[in-house]
Amino acid sequence: MEDRGIIGQLNPAFKLATHGFFMLLLTIISDPFTSFLLMLIPLIITFTMLRLPAKILFTTFVSFLFLFFLSTWSLAAFGRGETIWFQWAWFHFTKEGLMNGLTIGFRMLAFLYYGFIFIMTTNPTSFVLSLMQQFRLRPKWAYALLAGIRFLPLFHQELAQIRAAHRVRGVHRATSLRERLQTAFRFTIPLLAQGIRKAERVAIALEARGFDGSWNRTFYRTIPWGYKDVVYFVVLLLAHGILIGLSTALGMIRWGLV
Amino acid sequence: MSTPQLLCENLSVQYFDRDEPTLKKINLTINQGESVLFLGPSGCGKSTLLYTLSGIIPRSIHAWIKGNVKAPQNVGTLFQDPDSQFCMLEIADEIAFSLENKAIPPEKMPDRIASLKKQMDLDHLPDHTQINTLSGGLKQRLALAAVLAMEPEVLFCDEPTAQLDPAGTRQILNDLSQLKGKHTLVLVEHKLDGLMDWIDRVILFSPEGKIIDEGAPLPLFRRNETAITRYGIWKPKLWPATWESIIKGKHPEKVEQWKPLPKSSPTEKEPLLTLSEGALYHRKDKALWQKVNLTVYPGEWVVLLGPNGAGKSSLLQTLIGIHSLSSGKLSYSFTQSDKELKPEILSQHIGFVFQNPEHQFITDRVEDEVAFIGKLEKWPEKEITEKVEKLLYDFRLLPLREANPYTLSVGQKRRLSVASMLLKEYKLLLLDEPTFGQDATTTEELLERLEILRQRGTAIIMATHDVELAYRHATKAAVLAEGQLLFSGPPEELFTHTEILKQARLERPLYLEYQHRRNFG
């Protein structure tokens with residue numbers, strides 16, 4: 001994705017750390033009301049600051065909501081608890097189960113939105129460069145990571161080709177279980193062979209261009225960080241503080257891991 | 001005036017997993033500013049020598065080295081696979097990567113990047129252009145720019161055009177010729193046209209990895225014509241002749257080789273394949289190709305020509321049902337309804353040879369690979385054995401019958417992939433660039449086999465870049481370019497349409513070039 005909007009101008013590594021910090025904070029809050037309030041923060045950021053087409057916003061919202069209901073339902077209907085609301089077949093609805101399910105559900109929703117914001121506003125190259133420049137990720141790993149990102153679409157094409165070739169050769173006509181296992185196994189060999197060969201070639205080519213994986217290099221692109229990153233963190237911190245304060249005042253908040 | 005820049009004395013190189021040294025006691029001197037070509041049959045060690053001189057062996061590839069190598073520190077290498085020499089996603093970043101490795105101050109980089117882009121004719125592309133949107137030829141150009149960013153004294157090129165179409169090949173060879181004299185150039189390359197007129201010296205290797213001759217290209221070729229033919233090395237198209245002497249009529253045997261083969265026109269009236277108004281869409285709004293009309297009769301040899309990325313492969317794959325047409329109609333003489341248009345059913349009548357032979361290997365013995373379809377369809381054991389035996393013999397794979405297909409050489413893999421499609425006699429054989437990257441001998445054998453099949457009534461559709469093949473063997477040529485079928489008809493006719501040739505970036509076959517030059521001087 002591109003460095004999109006105001007959030008796209010933030011330093012990717014700091015952005016990741018900021019999101020990580022508030023995701024951690026969410027994990028030690030164990031009541032649905034506070035979790036719901038805190039979940040609204042990334043949700044509002046997504047809808048107001050990313051400037052995404054309405055269609056993308058809507059489809060992600062619907063799919064995230066689906067995941068929310070799925071996890072809440074499964075925890076509520078099968079969870080343990082004292083206060084039983086109703087029981088039918090395998091279902092076992094309890095008050096505690098539902099509360100727990102909602103907490104986890106809102107928490108997950110918040111995680112999904114933090115992740116979504118990060119992915120939609122971060123250019124992968126900038127991200128890896130900032131991991132190197134701010135978090136001292138060794139160039140050896142960083143450039144390997146970038147080279148790997150390039151290969152994802154190629155790998156996908158390769159797999160499609162192999163699958164097509166096998167269909168043409170009549171592999172599908174193999175009927176016994178043993179034959180099928182054999183063919184599925186063989187599927188992976190050309191893919192692996194090709195992957196290893198390509199990786200080797202890239203490594204050779206990069207070394208031939210003077211890359212030695214060390215810090216003895218300069219950077220064409222410097223990924224800056226500055227007051228914007230601090231402001232982003234502080235604004236999020238304030239928002240969390242206010243909402244947690246509100247929830248405390250209302251007596252709704254419960255701290256804890258579950 | 002000539003200072004030796006690269007030197008090796010008594011150099012032997014042996015890979016850890018081999019019993020024999022790949023190179024034995026090589027002595028070689030290359031002078032500053034010289035352009036040198038390493039030539040030899042595949043597996044002769046020419047790439048090994050190039051890697052040793054450029055320091056890749058032993059830095060990146062480990063091997064035992066004996067003897068002396070003297071080479072400057074500052075060298076650059078261009079490789080053959082356009083997709084695996086990059087680690088960045090955008091073009092300016094990629095050129096900058098070389099500069100970063102040399103610890104050039106960042107403030108100096110933008111100017112350097114701009115001038116390299118200009119030198120390599122990439123300045124029409126913005127800095128943020130995604131590398132994966134470039135054609136193979138442009139990718140190689142970018143790779144060359146990234147290598148030149150290191151300001152190498154010696155530039156090594158390991159088959160830089162091996163994976164490019166003819167247009168991309170011309171582009172890169174032309175770029176390299178511009179660098180002659182500015183850098184010392186050392187090349188391994190099989191495509192000799194566009195190279196022979198500017199290279200200073202050719203070093204010829206025997207299959208055993210010894211230098212058997214060296215010198216200026218023209219005399220060297222004359223001295224070693226028989227050996228070169230025996231090794232299956234592609235010869236420059238005209239050599240040892242020149243256009244001048246050919247037009248004067250001194251080489252009637254050459255002209256004879258260029259003429260189209262006698263082609264019997266198909267006798268059957270009912271078409272085997274009918275594709276009408278076919279279209280395949282990328283996404284909803286983007287057609288890969290459309291309005292494609294094609295009729296193929298039994299016993300026809302159709303070549304599918306066109307630049308890389310025009311959709312030749314996807315058209316072939318559509319014909320066997322891997323992709324479904326987005327619109328239009330496809331039918332075969334042996335199908336009743338559209339429901340049968342999937343590979344599971346069509347593959348009972350149609351054979352398909354994929355561009356990358358490895359993709360279609362599904363067993364771990366050469367013999368099983370050829371026998372696969374027979375065993376699948378439960379033919380009598382005796383029939384399978386007999387036919388497999390004959391195919392292995394015909395394709396020179398008999399000594400390798402126990403080997404794992406993945407361990408074969410490039411040429412052997414290709415022969416195996418074709419052999420496995422010939423056990424059963426299909427009504428139609430689809431081949432995706434089967435001669436690509438093959439040596440002269442393998443190509444010639446392959447074409448002979450296909451001609452025999454065709455005469456027995458098999459229809460052949462083959463994607464290729466080889467206009468000589470199209471002109472000599474095909475009964476029909478189809479040109480796919482710019483998202484449409486620009487031409488479909490006899491090859492002789494195609495090559496009279498200069499406009500279409502230009503659009504599809506095709507050259508004229510030699511025989512027509514000969515006639516043209518003879519008539520118009």
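Every chain is numbered from 1 and lettered A, B, ... according to where its sequence line falls, protein lines coming before strand lines. Just the heavy atoms: all of them, side chains too, but no hydrogens, waters or symmetry mates, feed the values below.
Taking chain A as the reference chain and counting heavy-atom pairs below 4.5 Å, the highest number among B/Asp81, B/Val147, B/Ile320 is found for B/Asp81. Interface check for chain A: of the options B/Leu78, B/Asp93, B/Ile131, B/Ile113, the most heavy-atom pairs under 4.5 Å are formed by B/Asp93. Ranked by non-hydrogen atom pairs under 4.5 Å with chain A, the options B/Glu107, B/Gln80, B/Met150, B/Lys102 are led by B/Met150. Considering only heavy-atom pairs separated by less than 4.5 Å from chain B, the leading option among A/Thr222, A/Leu146, A/Leu145 is A/Leu146. The candidate from B/Ile322, B/Asn356, B/Asn101 with the greatest count of non-hydrogen atom pairs under 4.5 Å with chain A is B/Asn101.
Between atom CE of residue A/Met49 and atom OG1 of residue A/Thr121 there is a gap of 10.5 Å, rounded to the nearest 0.5 Å. Note that the CG atom of B/Leu316 and the CD atom of B/Gln355 stand 10.0 Å from one another [nearest 0.5 Å].
The pair B/Glu94-A/Arg150 does not count as a salt bridge, with every side-chain nitrogen at least 4.0 angstrom from each carboxylate oxygen. With respect to A/Glu158 and A/Lys198, no salt bridge is recorded, no charged nitrogen being found less than 4.0 Å from a carboxylate O. Salt bridge annotation for B/Lys413-B/Glu369: absent, with no cationic side-chain nitrogen under 4.0 angstrom from a carboxylate oxygen. With respect to B/Lys139 and B/Asp83, a salt bridge is recorded, a charged nitrogen being found less than 4.0 Å from a carboxylate O.
For B/Ala146, the parts sitting under 4.5 Å from any heavy atom of chain A are the backbone and the side chain alike. Proximity to chain A involves both the backbone and the side chain of B/Met88, based on heavy atoms less than 4.5 angstrom apart. At a 4.5 Å heavy-atom cutoff, the contact between B/Leu99 and chain A is made by backbone atoms alone. Proximity to chain A is absent for every atom of B/Ala149, based on heavy atoms less than 4.5 angstrom apart. If you measure heavy-atom distances from B/Phe79 to chain A, the contacts under 4.5 Å come from the side chain alone. For chain A, the nearby part of B/Gln317 is the side chain; its heavy atoms alone come within less than 4.5 Å. Contacts of B/Leu346 with chain A are absent, with no heavy-atom separation under 4.5 Å from either backbone or side chain. At a 4.5 Å heavy-atom cutoff, A/Arg163 makes no contact with chain B through either its backbone or its side chain.
In this structure, A/Phe47 places its CZ atom where more than 12 heavy-atom neighbours from other residues, nucleotides or ligands lie under 6.0 Å away.
No side-chain donor-acceptor contact under 3.5 Å links B/Gln85 to the backbone of B/Ala143.
Of all non-hydrogen atoms in A/Phe127 and A/Pro12, the two that sit nearest each other are CA-CB, 3.7 Å.
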Could you go step by step and tell me if B/Phe352 and B/Tyr426 meet the side chain to side chain contact (heavy atoms under 4.5 Å, CB included) rule?
-> CA-CA 10 Å; B/Phe352 197 113; B/Tyr426 292 103; over 6 Å; no
Audit row: A/Arg167, B/Glu344, side chain to side chain contact (heavy atoms under 4.5 Å, CB included) steps and yes/no | CA-CA 6 Å; A/Arg167 280 177 81 186; B/Glu344 286 76 11; 3.0 Å; yes
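For B/His349, the side chain to side chain contact (heavy atoms under 4.5 Å, CB included) test picks out B/Phe334, B/Lys427, with sequence neighbours left out. Take A/Lys228 and apply the salt bridge (charged side-chain N to carboxylate O under 4.0 Å, His left out) test, not counting sequence neighbours, and it matches no residue.
Checked against the 6.0 Å centroid threshold, A/Phe21 and A/Phe233 count as a close aromatic pair. Between B/Phe97 and A/Tyr220, the gap from one ring centroid to the other reaches at least 6.0 Å.
For residues 203-212 of chain A, a heavy-atom distance under 4.5 Å to chain B picks out A/Ile204, A/Ala205, A/Leu206, A/Glu207, A/Ala208, A/Arg209, A/Gly210, A/Phe211, given by residue number. Residue-level contacts of residues 51-60 of chain B with chain A, in order of numbering, are B/Ile56, B/Arg59, B/Ser60; threshold 4.5 Å between heavy atoms.
Checking B/Gln73 against B/Glu153 by side-chain atom types alone, no donor-acceptor pair falls below 3.5 Å.
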